[in-house]
Structure formats: structure tokens, C-alpha cells
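Keep in mind the model is a prediction, meaning the values are calculated, not measured.
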Amino acid sequence: MEVISENVIDTAIGKVMPMVDEAVSRLVECGGKLVDEVQKDFVPLLEDLVKNLTGEIKGIAFGKEVDELDMATLVGFAKQYVVESSNEIVAMKMKQEDGIFVYLAYSKDRQLLSHEDNRYLIIKAQRLAKDVEALFAESELIILK
């Protein structure tokens, strides 16, 4: 009588490995398709978002928040986002329940720049320093040179 000795583990692995290889191959294929879709659909959206955040696209709003808005901080923010073709800034102050908002937009010769050529800055403050409060003493809307 002849006894054939066979390693059960080797046999099981031999049968399972082709199935594992097929599963891995399909996962790689699906992963490649997913990466292609993400690159095609979402990467451009992320690039646009980054451009918006870094100010590469004009005509967008930048938000800043401070405890107290003083003249040096106001001027610093205005210079940080200055539009080269402008020669003045239109500023509007609005008091709301959660703070004071100062909105800035750039203009030239008392004409707002077009939306595409402009930058808008929104500054939220809990209070205004006396020098900034004095700017808005006569009007909530002013022009800064």
C-alpha cells in the first residue's frame, strides 16, 4: 500500500494564493481609478481653494479677527491686501451682537474697483481703539487715502 504524504498547509496556500492575487489586482485597479477620479475632480477644486486662501484669485474676501482694532492694525491689514491699481480704500463699520465689523474694499478715484480686480477685507473686533473710532465719528462709511 502506498501512502502519499501531502502538506495540507501548502495545498491550502496553493489554492488561496491565486484568489488573493486576483483580489489584490482588482483592488489596485479600483484604487487607480479612484486616484484618477480624485485627481480629475477634486484636485482642481483644492487648487482653487488654495488660490482663494492665498489671494491668488482677485475679488475675494479675507477675514481677520482681533480683540481691539487700532489704527496700526487697520493700516497693516489694508497694506497686506492692497490692490496695486487702487489709490484709496472704502471702509464701512457695522455694529452687530457678536462684535464690530469693519469692511474694506479698494477703489480708485472714488470708484470701487470691479469685483474681479478687487479684494475685500472683513475685520471683526470686540472693540475699536479711540483712533479708529474717531475715523467713523461722522459716518459709518468713509474713504481712506
Side-chain angles (χ1 to χ4, degrees), residues 6-145:
E6 184 176 327
N7 187 336
V8 176
I9 293 175
D10 289 341
T11 302
I13 289 175
K15 290 180 179 178
V16 171
M17 282 312 289
M19 291 187 284
V20 169
D21 289 341
E22 177 68 21
V24 168
S25 173
R26 289 187 182 188
L27 284 173
V28 168
E29 181 181 325
C30 288
K33 288 180 182 177
L34 180 62
V35 168
D36 289 344
E37 285 183 36
V38 167
Q39 285 180 333
K40 184 182 94 188
D41 295 336
F42 296 109
V43 170
L45 295 174
L46 291 174
E47 288 172 351
D48 286 347
L49 176 62
V50 169
K51 285 179 183 176
N52 278 330
L53 293 176
T54 60
E56 290 180 25
I57 295 178
K58 294 183 180 178
I60 61 170
F62 298 91
K64 298 289 185 181
E65 187 169 351
V66 296
D67 189 44
E68 180 178 74
L69 181 61
D70 60 15
M71 188 64 74
T73 305
L74 178 63
V75 170
F77 287 156
K79 285 182 178 180
Q80 183 179 357
Y81 298 104
V82 71
V83 177
E84 293 299 322
S85 61
S86 69
N87 60 6
E88 56 198 12
I89 300 170
V90 176
M92 181 176 69
K93 178 186 85 167
M94 290 184 68
K95 289 183 182 180
Q96 296 185 3
E97 287 182 22
D98 56 341
I100 301 167
F101 290 83
V102 176
Y103 300 89
L104 303 178
Y106 294 88
S107 63
K108 182 172 177 120
D109 302 326
R110 299 193 179 246
Q111 294 291 317
L112 279 177
L113 299 177
S114 69
H115 178 72
E116 296 81 20
D117 294 331
N118 213 333
R119 290 187 181 146
Y120 306 93
L121 180 61
I122 303 167
I123 304 168
K124 178 183 177 186
Q126 293 307 309
R127 63 188 168 282
L128 300 179
K130 289 181 183 180
D131 54 357
V132 175
E133 191 66 52
L135 288 175
F136 295 99
E138 294 182 24
S139 177
E140 301 280 312
L141 181 65
I142 61 172
I143 296 176
L144 304 170
K145 295 264 181 183

Notebook entry, point to check: Do any N or O atoms from the side chain of Asn87 and from the backbone of Asp109 form a donor-acceptor pair under 3.5 angstrom?
Noted result: yes

Check: What's the spacing between Asn118 CG and Lys108 NZ if we round to 0.5 Å?
Finding: 13.0 Å

Checklist line | Straight-line distance of Ile123 CD1 to Phe77 CZ, nearest 0.5 Å | finding: 5.5 Å

Next item on the list: Mind listing the closest non-hydrogen atom pair of Val132 and Met71 along with its distance?
Entry: CG2-N, 3.4 Å

Checklist line | Shortest non-hydrogen separation from Glu88 to Ser107 and the atoms involved | finding: CG-OG, 2.8 Å

Checklist line | Nearest-0.5 Å distance that lies between atom CG in Leu112 and atom CG in Asp117 | finding: 12.0 Å

Item checked: Contacts of type side-chain contact (heavy atoms from CB on, under 4.5 Å), residue Ala134, not counting sequence neighbours -> none

Check: Do any N or O atoms from the side chain of Glu68 and from the backbone of Ala125 form a donor-acceptor pair under 3.5 angstrom?
Finding: no

Check: Can you tell me how far CD1 of Ile143 sits from CZ of Arg110, rounded to the nearest 0.5 angstrom?
Finding: 4.0 Å

Next item on the list: Enter the distance from Tyr103:OH to Met92:CE here, rounded to the nearest 0.5 Å.
Entry: 6.0 Å

Check: Near Gln96 CD, under 6.0 Å, is it more than 12 heavy atoms from other residues, nucleotides or ligands?
Finding: yes

Margin query: Test your reading of the model: is there a side-chain donor-acceptor pair from Tyr106 to the backbone of Ala78, 3.5 Å cut-off?
Written below: yes

Check: With side chains defined as the heavy atoms from C-beta onward, is the minimum distance between Phe136 and Val102 less than 4.5 Å?
Finding: yes

Notebook entry, point to check: Is the shortest heavy-atom distance from the side chain of Lys93 to the side chain of Leu128 under 4.5 Å?
Noted result: yes

Next item on the list: State, with a plain yes or no, whether a side-chain heavy atom of Arg127 is found less than 4.5 Å away from one of Glu133.
Entry: no

Check: Nearest heavy-atom pair of Leu113 and Ser86: which atoms, and what distance?
Finding: CD1-CB, 3.9 Å

Item checked: Minimum-distance pair of heavy atoms, taken over all atoms of Leu69 and Leu74 -> CD1-N, 3.8 Å

Notebook entry, point to check: Run the side-chain contact (heavy atoms from CB on, under 4.5 Å) check on Leu144 and Leu135 step by step: do they pass?
Noted result: CA-CA 9 Å; Leu144 304 170; Leu135 288 175; 4.3 Å; yes

Note to self: Please report the interatomic distance CD1(Ile100) to CD(Gln126), rounded to the nearest 0.5 Å.
What the structure shows: 8.0 Å

